[in-house]
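Working notes, beginning with the structure itself.
Because the structure is predicted, anything quoted here is derived from the model rather than measured.
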Amino acid sequence: MKGETKMIQCKKEYLIEEKNINSLVTQAKKVLNHRKMLYNRYVGKKRTEVDVPLEFYSTNIVSGYFGGKAPEYSIKQENNKKKIEIIKNFFNKVIGKNTNVEEFQLLIDYIRDYNDDSSFFYDLVKDYFMTGACYGLTYETEDNEIVYTHISSLQCVAIYDYSAPLQKIGLLRVWQELDNDGFNCNMVEIITNDSKFYYKNSKLQPNEYKLDKDMSEEIAWKLTPAFAVENVDNLAIFEPVISLIDSYQQIIENNRNIFQYNDDAKLMITGYRPANEMFIQDPDNPENNIINPERIKEDEIYLKSKVFYTDDTTGKIEWIIKNINDTASENHKKTLMELILMTICVPNVTDTGFTNADNSSALEKKFFPLEQAIIQADKQFKKELLAMWENIVDRINLKKSTHFDFRDIQVNLKRNMPTEKQEVVNMALQLRQLLSDETCISMLPFDIDVTSEKQKKEQETEDNIMNNFNKIINQNGNQNNDKELNKE
């Protein structure tokens, strides 16, 4: 399945027909079984006793680098009057006229805080690099709170139509649960932009799925309320090097076996004949031979003796062991490790080049290959995040009669890597003459709420102005009083 695109496509009419559910589930399970294999490699469930967790290492390094920091959202404002006029004349659309930018920004920040946006994003990223896909659901609670939450890629597949570009028309989710009879039945959820359908099979008809009308419901979203990013090549981050990882693990396994063999090595003695034979007849069955118990005792005595003498001057005693070419083995392992990390563009954080990097620029160079490898993921995530907010903003506009435009939202995915804080602070201070204070504050490597900090700064400035004004008034009042006293 590696290297093949297993995207599920159909028409929306096909998707909502009960008779087609079994076929869709069959297609989905092929994809999900492949992801289960990748997940098992990530958690270390392999065929051999020795596990070299390079899948775990590579997934966590890339996930932490790409998803360690939550996305940043800002509301762009178009100040180019000529551009605004041209767009209005040609497309009859007014841009850059958002009625209340601050209100829009606060609304987005509130929804993000409510949904723990940082954890949501990291869970998506980790699933994507571990299994080649990630998913989330958007829904509205009874209290009218908009929720988006991560769901496992081991349960879900996205459904697309045949248009160009492809449009996501649904999400299929499969899981198992116990029914009232204790049967482990399969539950299937199919979500479209306007409906949620639930199906389940039974013990008597395991290959047929029946609609559960009590659970199914109508929903009203502009787009399918599901976040879905699927790697276009159907690859996890470590999947191209699985064979190399297996080879590396085989070397570790071979060396382990050799060390174990030598630990249990046999002692070879020449020029000496033991007093007792190795085998004797079985007294209970004369046709069979058994190991002589007296010979076992004799061997144990000699093994425990500090000195052993042979009857022949040419005799010798030595262990029968397997020799290992340690240099060749280590060179082979080193070559495989370099090939693995080079292919998937993941830096080796233990090499001297990485540990000796003493500034941000040096670290960025070490992560440069990885940055090139995740460009596609960066664009896919931005596109899907914007689609998620398009859905949310449309729901807000519909219910609150507002006119927010999701196109005004700018999504910025920041990389998570060590930085020299003083360098970043100095850069932000140097850019104060060119950029707004809000932008400069957002650049700082501290956990700061830009909006609240800006408000505090403005309030502080107002307080200082008022305090200075009051001092001037008081000084003038005192001077006038002094003049009156002097006249008297």
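For the residue pair Glu217 / Tyr198, no side-chain donor-acceptor distance below 3.5 Å is found, with atom types taken as modelled. Side-chain atoms of Tyr110 and Glu145 form a donor-acceptor pair, as typed in the model, at a separation below 3.5 Å. A donor and an acceptor atom, one from each side chain of Glu230 and Tyr135, are located under 3.5 Å apart. Between the side chains of Ser329 and Asn255, a donor-acceptor pair is found at a separation under 3.5 Å. For Gln205 and Asn201, the side-chain atoms include no donor-acceptor pair closer than 3.5 Å. A donor atom on one side chain and an acceptor atom on the other are not found under 3.5 Å apart for Gln250 and Asp246. Under 3.5 Å, the side chains of Ser163 and Asp161 contain a donor-acceptor pair of N or O atoms. Side-chain contact annotation: Thr224 with Asn193, donor-acceptor N/O pair under 3.5 Å absent.
Here the shortest heavy-atom pairing between Lys11 and Ile169 reads C-CD1, 4.0 Å. Minimum interatomic distance between Val25 and Leu172 (heavy atoms only, all atoms of both residues): N-CD1, 4.5 Å. Minimum interatomic distance between Ala236 and Leu38 (heavy atoms only, all atoms of both residues): CB-CD1, 3.9 Å. Of all heavy-atom pairs spanning Tyr73 and Ile108, the tightest one is CB-CG2, 4.1 Å. Between His403 and Asn397, the closest heavy-atom pair is N-OD1, 3.5 Å. Closest of all the heavy-atom pairs between Leu166 and Gln9 is CD2-NE2, 3.4 Å.
No donor-acceptor pair under 3.5 Å is formed between the side chain of Lys12 and the backbone N or O of Gly170. For the pair Asn416 (side chain) and Gly64 (backbone), a donor-acceptor distance under 3.5 Å is present. Side chain of Asn464 to backbone of Glu460: a donor-acceptor contact under 3.5 angstrom is found. A donor-acceptor pair under 3.5 Å is formed between the side chain of Glu384 and the backbone N or O of Ala228. Looking only at distances, no side-chain donor or acceptor of Asn115 sits under 3.5 Å from a matching main-chain atom of Asp117. With Asn391 contributing its side chain and Lys222 its backbone, the two residues share a donor-acceptor pair below 3.5 Å.
Ion pairing between Lys334 and Glu330 fails under the 4.0 Å rule for side-chain N and carboxylate O. A salt bridge does not link Glu85 with Lys88: every distance from a Lys NZ or Arg NE/NH1/NH2 to an Asp or Glu carboxylate oxygen is 4.0 Å or more. Using a 4.0 Å cut-off between charged nitrogen and carboxylate oxygen, Arg35 and Asp127 do not count as a salt-bridge pair.
Rounding to the nearest 0.5 Å places NZ of Lys168 at 12.5 Å from OG1 of Thr192. Note that OH of Tyr42 is 11.0 Å distant from CD of Glu55, once rounded to the nearest 0.5 Å. The CD atom of Glu338 lies 9.5 Å from the CG atom of Leu336; values are rounded to the nearest 0.5 Å. Interatomic distance, CZ of Phe129 versus CD1 of Ile61, reported as 12.5 Å (0.5 Å rounding).
Between Tyr148 and Phe120, the ring centre distance stays below 6.0 Å. The aromatic ring centroids of Phe381 and Tyr128 lie less than 6.0 Å from each other.
When each of Arg173, Gln155, Lys200 is checked for a side-chain hydrogen bond (donor to acceptor under 3.5 Å, both in side chains) with Glu189, only Arg173 meets the rule.
Residues Val241 and Ile245 form a side-chain contact, since some pair of their non-hydrogen atoms from C-beta on lies under 4.5 Å apart. For the pair Ile16/Phe197, a side-chain contact is recorded, criterion being any heavy-atom separation below 4.5 Å from C-beta on.
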